[in-house]
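Notes follow once the structure below has been shown.
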There are 2 protein chains.
Amino acid sequence: MLSFTEENYLKALLHITLEVEHKNEAGTNELASYLGVKPATATDMLKKLKDKKLISYEKYGKISLSDSGRNKAIEILRKHRLWETFLYEKLDFTWDEVHEVAEQLEHIQSQKLVDKLDKFLGFPEYDPHGDAIPNAKGELKPSFKKTLSEAEEGTTCRMVAVKDNTVSFLKYVSQLDLGINTHIQVLARQPYDGSMEILINDSKITVSQKFAENILIV
Amino acid sequence: MLSFTEENYLKALLHITLEVEHKNEAGTNELASYLGVKPATATDMLKKLKDKKLISYEKYGKISLSDSGRNKAIEILRKHRLWETFLYEKLDFTWDEVHEVAEQLEHIQSQKLVDKLDKFLGFPEYDPHGDAIPNAKGELKPSFKKTLSEAEEGTTCRMVAVKDNTVSFLKYVSQLDLGINTHIQVLARQPYDGSMEILINDSKITVSQKFAENILIV
DNA sequence: AAATTAAATTAGGTTTATCTAACTTTTATT
DNA sequence: AATAAAAGTTAGATAAACCTAATTTAATTT
Ligand SMILES: [Mn+2]
Ligand SMILES: [Mn+2]
Ligand SMILES: [Mn+2]
Ligand SMILES: [Mn+2]
C-alpha cells in the first residue's frame, strides 16, 4: 500500500509527463517545484519509488514512470476526476471548488468505492473541467490540444475543456458566461497583443491571449 | 487543523465515554487498547491534546474531552455516519462494508462537503446501523439502550440498531433476515444459557444470549 | 578547453507517530 | 500496613517526510 505522499509523487510525475506530448520524463527540480518541496526531499523519495519499482531512475538522470507506477498514477487520476464529477453533478459544487476537495478524496482506498461511484455517475467520460476520466481498465483518452488562441478569425468553435485549473481562472471563465460546450464565434484577433474579440451567447467580449491559450476547443 | 491521528484519538475518547452512560472519562490503557497502540504512545498524544486544550487530563489521572474536543469529535462522528449512509443508500454498499471506508472518509476536510452531503441524503437521522447522526448544530440524540436480551417473553419489539459493528456480526444478522425495523416476536428464553427463540418474518429461529445482547430494540 | 551556471545529491537536522524496556505511581489484596 | 498487581509515565529508538547548507556532477557558455 502506498502512502498519501508516494501517491502524490506518482500523480505529479504523470501530470508532468502528460503535459508535453512524448516527453515522458521529468527532472528532480521540476518534480520538486511541482510538488512545492525542496529538491533534496524529492531525491529521497525518488530512491524510495525506485526501490518499489514504480519509476525508472538513475542518479543524476531523468525520471520516468514504470508500468506499475503509471497504472497506479492513472488510478489516482481516475479517482480524482470521478470525485470532481460527483461533487459537481450531485452536490452542486461549482467547478472552481471541486479540485481542492478531490485532492483529498483521491486517496481513499477502496476499489469497490471507485467502481460504485463510477456506476452511480453513469460512467462519465469527462470531468467538470473537460478532462478525460480514465476508465476502469485504465485507458485514458488523449487530451484536447487546440486552444482558442489558435482558432481562425471568422470561425465558430465549441469550448471542450480548460487548461488552467486555478480558482481565479475558472471563476473568471464562469463570470464571462463561458463553460464546457459553449459555442464561441471568433470575430477578430488583435495583431498587437493577440487579444481576441469573441461572440458567446449573443454578447461580444474581449479576452487576452493568455486567457485564450487556456481555453481548449474543437 | 488537527492531524488524522489526533482526530482518531478524539473520536476514540468520544466512543469510550459514550459507551457507558455518565462515565465521561477514560484511562490511558483503555484508550491505547481501543486504538491498538501502546500506552506509552497514548501518553505522548495525551500531552499534545492537553496542550491544545482538547482534553482535560493530569498525570496519572483520568482523561475527559473538553468542550472543544467534544465538538470536534462529534463533527467527525457526524461525517462518519453521513458517509456510511451515503455508501449504503446511494452506492449500494452492504451495512457490513460501510464502516471501513467511512473510517477514511470521515477525515476529509471540507465543511461545504459535509453540509451538501447531508442535504443530498435528505438530512438523515440514523445511519445504516441505527446510530443517530449528529445534526449540523452538533446535537446528538441519546442512543438506544434496550437490548433484545432484555425483552419479555411473549412480547413483540422492533429492531432499531446494533451494538456490535463488526463485519462478522453484521453479516450474521443479515443472514438471519434481520435488519433495522424488523419486527421480532419473543417466543421463549432458555433459562440455562439465555438463548432465545424468536419469530421474524414468520420464521422461527434461535439466537444466543451474546447475539441478543447486541440487538437494540424498542 | 576552461569557466560558469544549473541540476542533483549528500550530510546532518527536525517533527510526528510509533515502539520497547525500565521505572514510578496508584489501586487492590492479603 | 505491607505487598503485589495494575496502570501509567519516561527514556531512548526508529521510520517517514520534510528542511538547510554544502558538495558533486552535468550542461552551457565563453
Ligand atoms: Mn482537479
Ligand atoms: Mn479536473
Ligand atoms: Mn462505523
Ligand atoms: Mn455506523
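Quick caveat: nothing in here was measured; it's all calculated off a predicted structure. Keep in mind that the numbers below use all heavy atoms, side chains included, and drop hydrogens, waters and symmetry copies.
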When rounded to whole Å, the CD to C1' distance for the pair A:Glu6 and D:dC18 reads 14 Å
Salt bridge A:Glu6-A:Lys72, side-chain N to carboxylate O under 4.0 Å: no
Looking at D:dC18, I'd like to know if its phosphate oxygens (OP1 or OP2) sit under 4.0 Å from a side-chain N or O belonging to A:Tyr9. yes
OH of B:Tyr57 versus C1' of D:dA7: gap in Å, rounded? 11 Å
Map A:Lys59 and A:Pro39 onto DNA chain D by nearest heavy atom, then report which one ends up closer to the 5' terminus. A:Pro39
DNA chain D: 5'-proximal contact among B:Thr41 and A:Val37 (nearest heavy atom): B:Thr41
Can you tell me how far C1' of C:dT18 sits from CG of B:Leu35, to the nearest Å? 13 Å
I want to know whether A:Phe93 and A:Phe86 have ring centres closer than 6.0 Å. no
For B:Met1 and C:dT16, give me the distance from atom CE to atom P, rounded to whole Å. 16 Å
A:Ser64 versus A:Ser56, side-chain donor and acceptor atoms under 3.5 Å: yes
Mind checking if B:Ala42 touches a base, just sugar-phosphate, or nothing, with heavy atoms under 4.0 Å? nothing
Taken to the nearest whole Å, NZ/B:Lys62 to C1'/D:dT9 is 14 Å
Closer than 4.0 Å, any side-chain N/O of A:Thr43 to the OP1 or OP2 of C:dT9? yes
Nearest listed nucleotide, side chain of B:Asp44, among C:dA7, C:dC19, C:dT10: C:dC19
Round to a whole Å and report the spacing from CD of A:Glu7 to P of D:dA16. 16 Å
Rounded to the Å, how far apart are A:Glu58 CD and C:dA7 P? 21 Å
Ranking D:dT20, C:dT26, C:dA8 by distance to the side chain of B:Tyr60, first place goes to C:dT26
Side-chain contact check for B:Thr28: nearest option of D:dA21, C:dA8, D:dT9 is D:dT9
Just to confirm, is there a sub-4.0 Å distance from OP1 or OP2 of C:dT9 to any side-chain nitrogen or oxygen of A:Lys47? no
Spacing between B:Phe4 atom CZ and C:dT18 atom P, to the nearest angstrom: 11 Å
For the residue pair A:Glu19 / A:His15, report whether a side-chain donor-acceptor contact shorter than 3.5 Å exists. no
Distance-only donor-acceptor check, side chains B:Glu7 and B:Gln109, under 3.5 Å: yes
